[in-house]
Structures are given as structure tokens and as C-alpha cells.
Amino acid sequence: MTYAIQAEGLAKRYGETRALDGIDLEVPRGRLLGVLGPNGAGKTTAVRILATLLRPDGGRAQVGGFDVVRQAHQVRSLIGLTGQYAAVDETLTGVENLVMIGRLLDLPRRDAKRRAAELLERFALTEAAGRAAKTYSGGMRRRLDLAASLVGRPQVLFLDEPTTGLDPRSRTDLWGVVRRLQDDGVTVLLTTQYLEEADQLADDIVVFDHGRVIASGTPDELKATTGAQVLEVRPAEAARLGLVEQVVAEVLGAVPEVTGGQVSAAVRDPAVVPAVVRRLDDLGVVAAELSLRKASLDEVFLALTGHRAEDGAEAEEVAA
Amino acid sequence: MTATTTTPTATASVPLVTSPRLGPMAALRHTATLAWRSLVQIKHNPMELLDLSVQPIMFLLLFTYVFGGAIAGSTGDYLQFSLPGLIVQNMLFATLTTAIGLNSDVTKGVFDRLRSLPIARSAPLAGRIVADTLKQVWAFALFLGLGMVLGFRVQTGVIGVVGALALLLAFALGMSWLSVLIGLRASSVEKVQIVAFSLMMPITFTSNAFVPTKTMPEWLQRWVEINPVTHLADAVRGLLGGGPVSSSATVSLLWAAGIAIVFAPLSIRAFRNHS
């Protein structure tokens with residue numbers, strides 16, 4: 001199997017902090033790898049190394065079969081990069097931004113213009129093409145940024161938190177664009193803090209925490225490996241919530257979570273469900289809702305790291 | 001355009017690069033494109049040409065008409081003395097546009113985008129410096145033109161003017177290495193402006209750019225005689241207004257070379273290690 005991206009033992013240190021502490025990655029051609037993790041987990045550092053912007057302290061990586069350190073120039077001719085913030089020249093118009101990239105990629109002027117028009121059309125920016133990018137909304141800038149990274153028809157695309165800070169509609173639009181790229185056979189490495197985003201887009205997911213890969217697999221595998229299915233019980237009468245909590249705790253032998261009028265708990269053995277139902281029946285508690293579902297990636301993340309993605313972000317900030 | 005193909009060029013219209021080094025022609029092309037990028041905004045907003053010049057023009061008018069009479073006895077005599085100094089001061093401040101532009105690229109991520117492209121490594125710096133050099137030429141022409149309208153007389157001729165411009169550009173080029181370092185290292189554009197102001201103001205004023213040295217206290221005179229701004233102002237005075245040039249021009253060029261020798265390696269290191 002040919003891998004579009006392959007990394008072994010990547011390490012990067014900033015002073016005392018190990019931003020990357022031995023990362024292995026393998027992305028087959030044409031697949032989308034979601035790199036999931038809180039702020040400060042090392043996602044951006046990994047992208048910067050793979051995109052030749054940063055030299056690793058240890059380990060090695062190849063993109064499209066080229067070494068990111070020794071053959072950086074070849075790597076650069078294969079990749080597109082869209083960073084966390086929209087890296088467009090705000091004083092230039094949309095079309096000028098794209099023509100500039102085209103010219104830098106040695107396209108003849110006419111081809112650069114044609115490619116710019118094509119991409120502006122594709123990203124619904126044709127009307128705004130002649131306006132300076134500083135007049136664009138956040139979503140428009142992000143689309144222009146993504147368009148800029150596609151001018152050279154990259155085989156491998158790095159999207160570093162492409163939807164951070166976008167409103168839900170712009171986010172959904174951008175997801176559509178990413179799906180189309182997948183259809184075109186582009187290999188994508190996408191980092192995100194949003195579990196839903198990884199779940200929606202990724203063929204495979206790796207979870208980063210503190211510069212290490214702590215889990216990997218397809219979204220379904222990840223949900224399955226933590227064992228966790230989730231049992232949710234909502235009593236018909238809110239007053240019986242405490243009793244339900246007690247029953248679930250007894251049967252599972254673990255403390256369940258109580259939120260929004262319902263009791264939920266991770267379940268490894270589905271056989272416990274009838275036991276819970278029987279106990280509740282004995283006690284005369286009527287359940288308005290009782291369900292067993294696959295754990296969300298959010299819960300998987302919690303189970304893997306012991307902290308929620310958002311909590312992790314805050315903790316990093318305090319530590320910094 | 002299918003996922004199964006393993007031919008690397010299947011989706012690439014850009015020819016696959018096999019050689020790790022780019023030729024000098026490619027480097028020139030990339031530099032020209034990036035210089036175009038820094039200048040094309042003037043096309044959309046021609047007022048920017050004036051924005052660049054509002055402060056210099058204000059300085060020119062204030063110095064000539066407010067201080068001129070007091071310092072030199074008449075505004076006309078003072079203009080003849082101070083215009084070269086003002087040109088030098090303006091050139092030094094203008095070198096910091098390189099720092100500001102570069103810093104804005106770095107903080108906005110444009111710099112990363114450029115570095116992730118298969119272009120000549122030097123092009124992002126060189127393109128900006130080329131564009132800023134052209135802005136220097138514009139500022140020089142504006143100053144000289146306005147000065148002449150106000151009564152400044154070029155005593156030397158075309159060769160003198162061209163010589164003065166060449167000397168100023170050479171010095172600006174040396175200074176741009178310092179500017180690159182500041183641009184890459186500063187955490188924000190505001191910081192760049194603070195550094196610029198607190199560095200350039202004292203250096204340009206503790207010179208003979210605006211007043212003759214002999215009215216200053218002796219300890220200050222000693223510094224003024226070392227200050228490159230003094231030598232540069234003297235050289236430009238000689239080249240435009242007539243008078244000795246060779247020693248002051250030589251010292252100016254040595255200073256420019258010295259600044260470049262110190263700051264070029266530091267800048268290049270900052271550029272390479274940029275993370």
C-alpha cells in the first residue's frame with residue numbers, strides 16, 4: 001500500500017515542553033485522516049513539520065514518498081496548506097490573492113487567471129472576486145484561504161483546524177467542500193478540536209494528547225474500543241431521578257452521570273440493560289426513555305484522556 | 001482524478017519538481033511576483049502613495065518654516081541645509097515598512113503559506129525588499145521635488161542626484177537586514193512601531209541632519225561625529241548641494257556594510273528557524 005503521509009517517531013521540543021513526543025502516522029492515498037485533540041496536544045506542530053515549515057528534533061516523515069526535511073522542495077510541490085487563521089493578503093482582492101499563488105507556482109499569467117476564476121466560482125466568491133479580502137466575512141476568508149491552497153492542485157492537503165471560529169452554517173459549507181476534495185482523490189490531513197467534525201469527515205482518526213497518539217482507528221472502531229456504549233435512562237417523574245441513579249449505580253457498579261433529568265453511564269456488557277429494567281420495574285419506576293447507544297467521540301475522548309476536549313484546552317492555557 | 005491511481009501527476013497541473021534547487025531565473029520570477037504583490041495595492045488605493053508621504057511632507061514644512069529662521073537665519077538657507085537631512089531621516093523611517101509588512105505576514109499566516117510553496121527560499125524577503133526599495137525611490141523624488149518647489153537648489157546636476165539616490169538606497173539595503181530581524185522577531189505590528197520610533201527618533205535627531213553640530217554640548221558632538229546619520233546627511237548634502245563627498249560617503253557605505261554584516265546572519269537565522 002502506498003502512503004501519502006508517513007511519519008515515524010516524530011518529536012519536537014520547545015524548551016522543556018515536548019510538543020511532539022514520538023508520533024507515528026500513516027495515511028493511505030486518497031484517505032482523510034482526522035487528527036483530534038485539545039489545544040496544545042501537538043496537532044499544529046505535527047502539521048507544520050509535515051508541511052516543511054518546521055524541522056523535527058527526532059523521527060522522520062515522508063509526504064508523497066519525499067522526506068520532509070531532505071526533500072522539502074519536492075514535498076512543497078505536492079502539498080496545500082490551510083492554517084488556523086486565514087492566510088490571505090487582506091489588501092489584495094480575492095482574485096489577486098489566487099493569481100499571485102498561481103504565478104508563484106509558475107503558471108502562465110492566463111492560466112493563473114483562469115485557475116483563479118475557476119476556484120472563486122467553486123467557492124462562491126465570484127461576486128466578491130474584485131474586492132479586497134479585508135472586506136470579506138470570516139467564512140469567505142476561510143474559503144479564499146482554502147482556494148489558495150488548492151491553486152496548485154495538491155495531492156496532499158493539510159487543513160489545520162479549518163473551521164475554528166466559524167459559524168455553524170459556514171462550517172457545514174466547508175465540510176461540503178472537504179467532501180468534494182475526498183471525491184477528487186486528494187489525501188487530506190485535518191486537525192480539529194471538534195469531535196463531531198472528525199466523526200463527519202474522517203475515514204480514520206488519531207487522537208493526540210500531550211504530544212502522543214493515544215488512540216487510532218476508524219470513528220466506529222474508536223467508539224467501540226473504549227468499550228463504551230452508553231445507557232441513558234430518563235424517569236417519567238423527575239422526583240425519581242435519585243432512585244434511578246441508585247439503581248444504575250448498583251447494577252453497573254460504577255457512578256453514573258446525572259444531567260438534564262437523565263442518568264447516563266458507560267456500559268461494557270449490554271446484558272446489564274435487562275437487569276436495570278427489572279430493578280426499576282420492581283421499584284415501580286416508569287422510564288420515559290431508556291436507551292443504549294454507541295458512545296459519541298466526545299465520550300470516547302473523555303474515556304481515553306480522562307478529561308474533556310474543552311477542559312484540556314483550558315488546562316493547557318493555565319499551564320502556559 | 002481518481003483515488004486509485006498511484007501516478008503522482010494525475011491531479012497536478014503544476015509539473016512535478018524533481019530538482020531540489022531552483023534556478024536563478026525562477027528566483028527572480030518569484031521575487032518579481034511578490035514585489036508586485038506589495039505594490040499592486042497602491043493601484044487600488046492611490047491615496048496610499050500620499051499616506052506614505054504625509055509625515056515627511058509635514059516634517060519638511062514644519063522644519064523649514066517653524067525652525068528654519070531660528071536655526072539658520074532664513075528659511076531658504078535652512079532648507080538648503082536641512083532637506084538632505086530630512087531625506088535621510090525619511091529613508092531610515094521608511095526602511096521599517098519592511099519590518100511592518102513582514103511582521104504582518106508572519107502574524108497573519110501569509111508567511112507560512114509562502115514558505116509552504118515550492119518557491120525560491122529568498123523570494124518572500126527579496127520581493128518585499130524590492131518593493132520597499134521602489135517606495136524609497138518614490139519618497140526621494142517626492143522630497144526633492146517638493147524641496148525644489150520650496151526653493152531648494154541642486155548645485156551639482158543629474159549625476160549628483162543619481163549618486164545621492166544610489167547612496168541612500170545602498171544604506172537602506174543595509175538597514176533592511178535590521179528591519180527583517182525586527183519584523184520576524186516582534187510579536188505584533190504595534191511592537192514594531194514602538195521599536196521603530198524609539199530607535200529611529202534618537203538616532204536621526206542626534207546627528208547633524210537638522211542642526212549644525214557646533215551648538216551641541218561636547219559629549220554629544222562626539223557621538224554625532226560617529227553617528228552614521230551625520231555622515232549620510234553630509235554625503236547627500238555634498239551630492240546635491242556641492243561640497244566634499246568622498247569621505248562622508250565612504251564612512252556611510254562602511255556603516256551600511258557593517259550593519260548588514262551584523263544583522264544579515266541574525267536575520268537569516270531567524271528566517272530559517274522561524275517556527
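- In this structure the side chain of B:Leu114 reaches within 4.5 angstrom of the side chain of A:Leu104, judged on heavy atoms.
- When all heavy atoms of B:Thr33 and A:Met100 are compared, the pair lying nearest together is CG2-O, 3.9 Å.
- At a 4.5 Å heavy-atom cutoff, A:Thr187 makes no contact with chain B through either its backbone or its side chain.
- Between A:Glu90 and B:Gln41 there is no side-chain heavy-atom pair separated by less than 4.5 Å.
- Between B:Lys108 and A:Asp89, no side-chain nitrogen of the basic residue sits less than 4.0 Å from a carboxylate oxygen of the acidic one, so the salt-bridge criterion is not met.
- The number of heavy-atom neighbours closer than 6.0 Å to CZ of B:Arg185, taken from other residues, nucleotides and ligands shown, is 12 or below.
- B:Val40 has its side chain within reach of A:Leu92: a pair of non-hydrogen atoms, C-beta onward, lies under 4.5 Å apart.
- For the pair A:Thr82/B:Arg113, a side-chain contact is recorded, criterion being any heavy-atom separation below 4.5 Å from C-beta on.
- The neighbour count for A:Arg131 CZ, taken as heavy atoms of other residues, nucleotides or ligands under 6.0 Å away, is above 12.
- Closest of all the heavy-atom pairs between B:Val110 and A:Ala87 is N-CB, 3.8 Å.
- The local environment of CZ in A:Arg55 is sparse, with at most 12 non-hydrogen atoms from other residues, nucleotides or ligands closer than 6.0 Å.
- Of all heavy-atom pairs between B:Arg115 and A:Thr52, the closest is O-OG1, 4.3 Å.
- When heavy atoms are compared at a cutoff of 4.5 Å, A:Thr45 does not approach chain B at all.
- The closest side-chain heavy-atom distance from B:Arg37 to A:Arg103 is not below 4.5 Å.
- Residue A:Thr91 touches chain B through both its backbone and its side chain, counting heavy-atom pairs closer than 4.5 Å.
- Interatomic distance, OG of A:Ser77 versus CD1 of B:Ile119, reported as 13.0 Å (0.5 Å rounding).
- Surrounding CZ of B:Arg29 are more than 12 heavy atoms belonging to other residues, nucleotides or ligands, all under 6.0 Å away.
- For the residue pair B:Pro118 and A:Leu105, the shortest heavy atom distance occurs at CD-CD2, 3.5 Å.
- Annotation for B:Arg121: atom CZ counts as buried by contact number, over 12 foreign heavy atoms lying within 6.0 Å.
- By the neighbour-count criterion of 12 heavy atoms within 6.0 Å, atom CE of B:Met58 is densely surrounded, having more than that number from other residues, nucleotides or ligands.
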